[in-house]
Amino acid sequence: MQARRADFPDDFLFGVATSAYQIEGHAFGGAGKTHWDSFAATPGNVVRAENGDRACDHYHRWEEDLDLVAGLGAEVYRFSTSWARVLPEGTGKANQQGLDFYDRLVDGMLARGIRPAATLYHWELPQALADKGGWRNADMPNWFADFTQTVMSRIGDRVWSAAPINEPWCVGWLSHFDGHHAPGLRDIRATARAMHHVLKSHGAAIEVMRALGMKNLGAVCNFEWAEPASDAPADVAAATRYDAIYNRFFLGGLFRGEYPAEVLEGLGPHLPQGWQDDFALISAPLDWIGVNYYTRKLIRAAEGPWPAYAEAPTRLPLTQMGWEIYPDGLRDFLLRTAREYSGDLPIYVTENGMANPDTTDAPDTARIDYLDAHLAAVRQAIGGGAPVRGYFVWSLMDNYEWSLGYEKRFGLVHVDFETLARTPKASYEALARWWRRNTA
Ligand code: FCB
């Protein structure tokens, strides 16, 4: 790798990220059904109709996996807790086995000198709550607050950081407008409600965790750089709408207590009654903001109702996901987030990485190059004044890539989904050399 640890501030943290449903194996340990199980069981939604029943079997192999995190020299491990594992019916009686699992996991990190960075919700909504309308239901903030209380009463005393919800855009837009993720809706009214209830639930969870005396609380948003496909005013306006929906809606809610006009134009009539009164809760002060970044899109104007945009053909080299490799977008988001929204608040790159169709015998140099280029972008952002304090690679190991099943491999560690054998890839070895040599 070209990147050098010495080029980053002394207290800059490096880590890896995973999420519960993508690695644990939801058929084990008394976890309840989730909306991803029913979404995957519906033909056409997920490649080969694969689900998270077994995934990487992390539920049983977590010690080996934490050893891999430690072997990498990672200082922080970003993991998530499954709502359906902890509360199989979404509310009510807790599954003690589930709470015990996260308790052991956190202690396992601490025993290895790794800081636990918890995310409460990374998309596996309990089916019982999905049956009640899921994120469309105005009771979600209360249910989510109860889940937060249940989990954090158990592990909140030992986690290093906590964030309520991974990637509000995916929970809201991708799942209710694009229909690409569970529950697979394509409905503007459902979208408006989900987007607002996600932010309100975030606020409710922060309130619960503050009351428990927890520190280092943040939010994790995913951003995608939107570039107009041409200079034509209609294309420029379309890219601005895309940016507003994807990126500025959530930052606006969290930091300014308002939603962008370009989004209200479409979603305004569908927001739940009294939405304007929720911003005190939504924009309660945070201790950090997390940025997940992968790619950019070229956007053009399209016919039809709001939001009237479409993706234009890409121009840069692509990853296995078909995503453009565009490190400048990471630099620019870090700078813009600090400048326009979060000011001096610490920023963490909470996810960054690429899918690569690698095998154990082909070195995954493309991933090493990708990480190198994005670390250079982080350094540029720091040089430009953005208070970036850490960087997490997505992901520790190959896992369930949602509607793309097990086909897309984001791991630093290869997983054979037949035998479940873990084999570190060249990118793991490169990072381990780099992180270990310099943290010693
Ligand atoms: C992010 C998700 C993560 C994974 C990566 C590739 O949007 O948070 O679970 O799917 O993309």
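Order of appearance sets the numbers: ligands from 1, and atoms from 1 within every ligand.
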Quiz item: Has R85 got its NZ or CZ under 6.0 Å from the middle of the six-membered ring of F101, at an angle within 45 degrees of the ring axis?
Solution: yes
Quiz item: Taking the six-membered ring of Y326 as reference, does the NZ or CZ atom of R296 fall below 6.0 Å from its centre and within a 45° cone about the axis?
Solution: yes
Self-check item: Ring centres under 6.0 angstrom apart (W36, H181)
Solution: yes
Quiz prompt | Polar side chain donor-acceptor pair, Y428 to H414, under 3.5 angstrom | solution = no
Quiz item: Hey, which residues fall under 4.0 Å of ligand 1 on heavy atoms?
Solution: Q22, H122, W123, N166, E167, Y294, E351, W394, E401, W402, F410
Quiz prompt | Under the side chain to side chain donor-acceptor pair (under 3.5 Å) test, residues paired with S283 that sit two or more places apart | solution = none
Quiz prompt | Option among R193, E262, R189, M195 that satisfies the side-chain contact (heavy atoms from CB on, under 4.5 Å) test with L267 | solution = M195
